[in-house]
Protein chains: 2
Amino acid sequence: MDDRKRKVLLAIVHDYIATAEPVGSRTIAKKYRLGVSPATIRNEMADLEEQGYIEQPHTSAGRVPSERGYRYYVDYLMEKEQLSREEEEIIRRGYETKVKDVGQVIHKTGQLLSQLTHCTAMVLTPQIGTSCFRHIQLVPMHSSQAMVIVVMDNGIVHHRMIETPDSISSTDMETLSKVLNAKLQGLTMESIKLTLMKEIYLELGRYKHILDLAMELMQDSLVLKTEDKIYLGGVFNMLSQPEFHNVEKVKTMLSIMEQEKMLHELLACESQDDGVTVRIGGEIKYNVIRDYSMVAAPYSVSGQKIGSIGVLGPTRMEYAKVISIVDFMTANLSQVLERLILGGGK
Amino acid sequence: MDDRKRKVLLAIVHDYIATAEPVGSRTIAKKYRLGVSPATIRNEMADLEEQGYIEQPHTSAGRVPSERGYRYYVDYLMEKEQLSREEEEIIRRGYETKVKDVGQVIHKTGQLLSQLTHCTAMVLTPQIGTSCFRHIQLVPMHSSQAMVIVVMDNGIVHHRMIETPDSISSTDMETLSKVLNAKLQGLTMESIKLTLMKEIYLELGRYKHILDLAMELMQDSLVLKTEDKIYLGGVFNMLSQPEFHNVEKVKTMLSIMEQEKMLHELLACESQDDGVTVRIGGEIKYNVIRDYSMVAAPYSVSGQKIGSIGVLGPTRMEYAKVISIVDFMTANLSQVLERLILGGGK
DNA sequence: TTTAGCACTCAGCAGCATAGAGTGCTAACA
DNA sequence: TGTTAGCACTCTATGCTGCTGAGTGCTAAA
């Protein structure tokens with residue numbers, strides 16, 4: 001792959017990304033000023049096609065980058081693109097208001113991501129793994145109902161209504177809360193389950209029913225807070241791209257969007273890697289989305305990866321820009337979440 | 001409008017709903033056996049057209065119901081349709097699992113609604129208005145941070161991280177919680193704000209900073225829990241309907257879906273009325289969605305309307321069925337929520 | 001009042017010719 | 001040996017034509 005071939009490939013990728021039309025030799029010669037005639041470029045293109053970097057939709061059309069071509073572009077040709085001031089400004093402003101809870105942050109992140117990339121944004125909600133128990137509170141509500149509230153070290157709060165036997169008074173509940181707090185504070189769920197429970201049950205055996213329910217909630221706080229939702233945004237945004245002129249494509253795309261489970265696996269697996277990952281076409285495991293590309297990256301709080309954000313779009317996407325944006329957004333999101341989860345913000 | 005005209009109109013509406021094709025006189029004569037010849041039906045159709053109940057897409061096409069026609073159908077001709085056993089079964093099963101928190105219920109409701117109606121489902125999250133303060137808890141977290149948790153009478157729980165001055169100890173927080181609980185329990189937010197705050201500030205003046213933050217959260221618990229989100233489901237579902245063969249329509253529909261604000265107003269205004277409301281085409285205030293119809297109804301908990309669910313679809317929708325489904329679903333949702341919010345369920 | 005018959009309209013489709021974009025190949029040129 | 005001009009070739013897209021069939025409205029007879 002000599003230098004001129006690289007230049008031709010770069011030109012093809014750039015032009016195709018910009019116009020969504022197959023690129024002909026004349027166009028390259030004129031627009032990209034390689035200093036050679038269309039005929040020469042045609043020769044180069046024939047070679048590139050033989051090597052699998054570009055393809056022809058039909059005989060009398062220009063060339064289009066193949067998946068391999070995009071891959072080569074992303075790995076070797078692409079120049080990193082800085083975010084424009086304007087873009088950075090949009091992001092900063094986006095987080096200025098409305099950052100009162102994690103859900104809102106996730107939502108906003110998705111919005112910004114799709115707005116800036118013109119693709120569909122996917123944001124995995126933070127999944128906070130091991131954490132310590134901090135506080136439990138039983139609050140009497142109605143006659144025979146109470147609310148259990150469990151606070152974890154990482155700021156996660158869970159609550160649930162439970163039925164209480166009539167025999168229990170509100171002072172009982174207060175005592176119960178106190179004992180549980182004293183015994184359990186600072187422990188992880190695992191250790192609570194394994195060791196201490198027997199002791200507690202022995203001591204507070206007569207409240208067994210409530211204890212059971214409270215424990216269940218505590219467990220859920222840990223396990224279920226893998227309440228792994230995905231925020232999806234800007235599907236419409238993407239549909240204005242020319243690849244979706246065809247109704248069938250729109251429909252497959254939308255049906256993909258409704259398969260949350262798949263999207264989830266898609267994003268979750270990305271979060272294994274560090275930094276921004278780019279998957280192009282067939283590199284995505286799922287057959288349904290083989291025609292699209294995905295750019296994703298994990299975000300983290302206090303050094304621990306707790307989720308990821310990603311962008312799904314046509315293989316013909318502005319990789320350079322999208323990658324920078326995803327990169328910038330993860331950093332930003334990490335910061336915002338850090339402030340929010342670990343406190344410090346208003 | 002004589003009896004035969006009504007029958008013809010009914011036939012046209014039914015057939016058009018079923019096939020999405022303009023209905024001709026021959027079709028009606030053959031399929032709907034009115035006992036008269038196509039020519040007679042043609043005469044009736046000419047009258048119906050003159051009266052504005054049906055329209056002709058072009059000269060050599062059959063007739064299509066106009067908005068007025070649909071309206072007449074919904075008001076006078078339509079027969080209520082019972083849900084099939086199968087459908088009831090689907091709904092019941094849908095709620096069997098996964099009913100642990102309000103969000104999930106809303107989500108599931110949207111899913112079911114769209115699945116059964118083949119339209120886009122919209123579910124407004126419960127907006128619980130006046131409620132009493134039940135419990136406040138300050139939980140120390142890290143060195144200079146604490147979590148405020150506010151529990152309302154109706155089972156709503158809010159929490160937020162706040163900064164605490166270093167001078168405050170965890171026992172201080174305990175005391176603070178206790179005093180606040182004692183003073184405020186059972187009051188509505190309004191009365192708290194108006195009368196009691198001065199007294200409390202006097203007593204606990206040195207914690208002013210924390211009190212401010214706590215009060216802010218309490219206020220939000222009331223006001224902000226108009227966290228009026230809309231759950232949207234089954235957009236894809238609807239796009240498989242023939243009206244969306246045209247890409248432009250798909251796009252407008254999707255752009256509508258992304259205008260949360262509008263959808264929200266749309267649903268919110270419905271919840272004024274009792275029972276199921278049907279808006280057809282231009283009866284919807286917003287110009288963008290003039291080509292669609294909407295069936296909506298409020299749901300309630302302990303007699304109070306706290307939200308609504310709705311269905312948005314092409315004017316050519318199965319009104320009879322959709323109306324029954326929306327009706328059934330609101331009743332069901334009310335029940336499920338009642339159990340969840342007021343406690344009782346596991 | 002109903003109906004049969006008939007002329008008329010019009011969307012949709014197939015068939016065909018044309019234009020234009022782009023290629024590959026060949027032969028000439030540096 | 002690499003580059004380029006020229007040319008024949010291919011194939012899509014577009015627009016035109018004429019035909020078909022569905023469906024109507026009108027008229028006149030039952």
Side-chain angles (χ1 to χ4, degrees), chain A residues 1-9 11-16 18-66 69 242-243 245-247, chain B residues 1-9 11-16 18-66 69 242-243 245-247:
Chain A
M1 177 81 100
D2 62 35
D3 193 55
R4 196 169 61 195
K5 274 199 184 50
R6 269 198 286 272
K7 274 185 185 148
V8 172
L9 179 54
I12 292 175
V13 172
H14 270 166
D15 209 74
Y16 187 64
T19 66
E21 298 286 322
V23 191
S25 51
R26 250 179 70 91
T27 316
I28 295 181
K30 257 202 291 186
K31 268 213 237 171
Y32 294 86
R33 313 187 162 275
L34 302 196
V36 291
S37 77
T40 312
I41 293 176
R42 278 208 286 283
N43 287 331
E44 300 287 21
M45 289 190 349
D47 290 352
L48 283 170
E49 181 157 12
E50 208 174 324
Q51 291 165 63
Y53 292 109
I54 56 180
E55 290 166 349
Q56 243 180 324
H58 58 262
T59 334
S60 75
R63 300 308 211 289
V64 160
S66 66
E243 5 274 298
H245 271 336
N246 154 355
V247 190
Chain B
M1 177 80 100
D2 62 34
D3 193 55
R4 196 168 60 194
K5 274 197 185 48
R6 269 198 284 272
K7 274 187 185 149
V8 171
L9 180 54
I12 292 174
V13 173
H14 269 165
D15 208 74
Y16 186 64
T19 65
E21 299 284 324
V23 191
S25 51
R26 250 177 70 90
T27 317
I28 296 181
K30 256 202 292 186
K31 268 214 236 169
Y32 294 85
R33 314 188 160 273
L34 301 195
V36 290
S37 78
T40 312
I41 293 176
R42 278 206 287 283
N43 287 329
E44 299 286 21
M45 286 186 357
D47 291 351
L48 282 170
E49 181 157 12
E50 208 174 325
Q51 291 165 64
Y53 292 109
I54 55 180
E55 290 165 350
Q56 242 179 326
H58 58 262
T59 334
S60 73
R63 301 307 210 290
V64 161
S66 67
E243 6 274 297
H245 271 336
N246 153 357
V247 190

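On a predicted model such as this, the values are computed, not experimentally measured, just so you know. Within every chain, numbering begins at 1; the chains are lettered A, B, ... in the order of the sequence lines, protein sequences first and strands thereafter. The basis for the numbers below is simple: all heavy atoms, side chains too, and nothing from hydrogens, waters or symmetry mates.
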Which residue pairs pass the ring pair (Phe, Tyr, Trp, His ring centres under 6.0 Å) test when at least one of the two sits in residues 45-66 of chain B, sequence neighbours left out? B:Y53-B:Y72

Please state how far atom CD in B:Q56 lies from atom C1' in C:dA11, giving the value in whole angstrom units. 13 Å

With heavy-atom distances below 4.5 Å as the criterion, would you say the side chains of A:I41 and A:R4 are in contact? no

Drop me the distance from A:E49's CD to A:D47's CG, to the nearest 0.5 angstrom. 10.5 Å

So for atom NZ, which belongs to A:K5, do other residues, nucleotides or ligands contribute more than 12 heavy atoms lying within a distance under 6.0 Å? yes

Specify the separation, in whole Å, of atom CD of B:E55 and atom C1' of D:dT24. 16 Å

Evaluate whether atom CZ of B:R6 has more than 12 neighbouring non-hydrogen atoms of other residues, nucleotides or ligands under 6.0 angstrom away. yes

Measure CG/A:L48 against P/C:dG24 and give the value in whole Å, please. 12 Å

Counting just side-chain N and O atoms, does B:R63 come under 4.0 Å of either OP1 or OP2 of D:dA22? no

Using whole Å, report how far CD1 of B:I41 lies from C1' of D:dG25. 15 Å

Tabulated below should be each protein N or O lying under 3.5 Å from an N or O of nucleotides 2-5 of chain C; please produce it.
from, atom 1, to, atom 2, distance (Å)
C:dT2, OP1, B:R4, NH1, 2.9
C:dT2, OP2, B:R4, NH2, 3.0
C:dT3, OP2, B:S37, N, 3.1
C:dT3, OP2, B:T40, OG1, 2.4
C:dG5, O6, B:R42, NH2, 3.3

Expressed as a whole number of angstroms, how long is the span from B:D47:CG to D:dG25:P? 10 Å

Pairwise ring pair (Phe, Tyr, Trp, His ring centres under 6.0 Å) hits with a residue in residues 23-48 of chain B, at least two apart: none

Just verifying a value: how many Å separate A:R63 CZ and A:E55 CD, rounded to the nearest 0.5 Å? 10.5 Å

How would nucleotides 12-20 of chain D be written as a contact map, 5' to 3', with B for base contact, S for sugar-phosphate-only contact and - for no contact, using protein heavy atoms under 4.0 Å? S--------

Listing request: all salt bridge (charged side-chain N to carboxylate O under 4.0 Å, His left out) pairs with a residue in residues 30-40 of chain A, at least two apart in sequence or in separate chains. A:D15-A:K31

Rounding to a whole Å, what distance do you find between A:I28:CD1 and C:dA21:P? 16 Å

B:M45 CE to D:dT24 C1': how many Å, rounded? 8 Å

If the helix axis at each end comes from five base pairs, how far does the helix from C:dT1-D:dA30 to C:dA30-D:dT1 deviate from straight, to 10°? 20°

Is any side-chain heavy atom of A:T27 less than 4.5 Å from a side-chain heavy atom of A:E21? no

Quick check: closest heavy atoms across B:P57 and B:V64, and the distance to 0.1 Å? CG-CG2, 4.0 Å

State whether B:T59 places a side-chain N or O below 4.0 Å from either non-bridging phosphate oxygen (OP1 or OP2) of C:dC8. no

Distance in angstrom units between B:K31 NZ and D:dG23 C1', rounded: 16 Å

From A:I28 CD1 over to A:T40 OG1, what is the distance, rounded to the nearest 0.5 angstrom? 12.0 Å

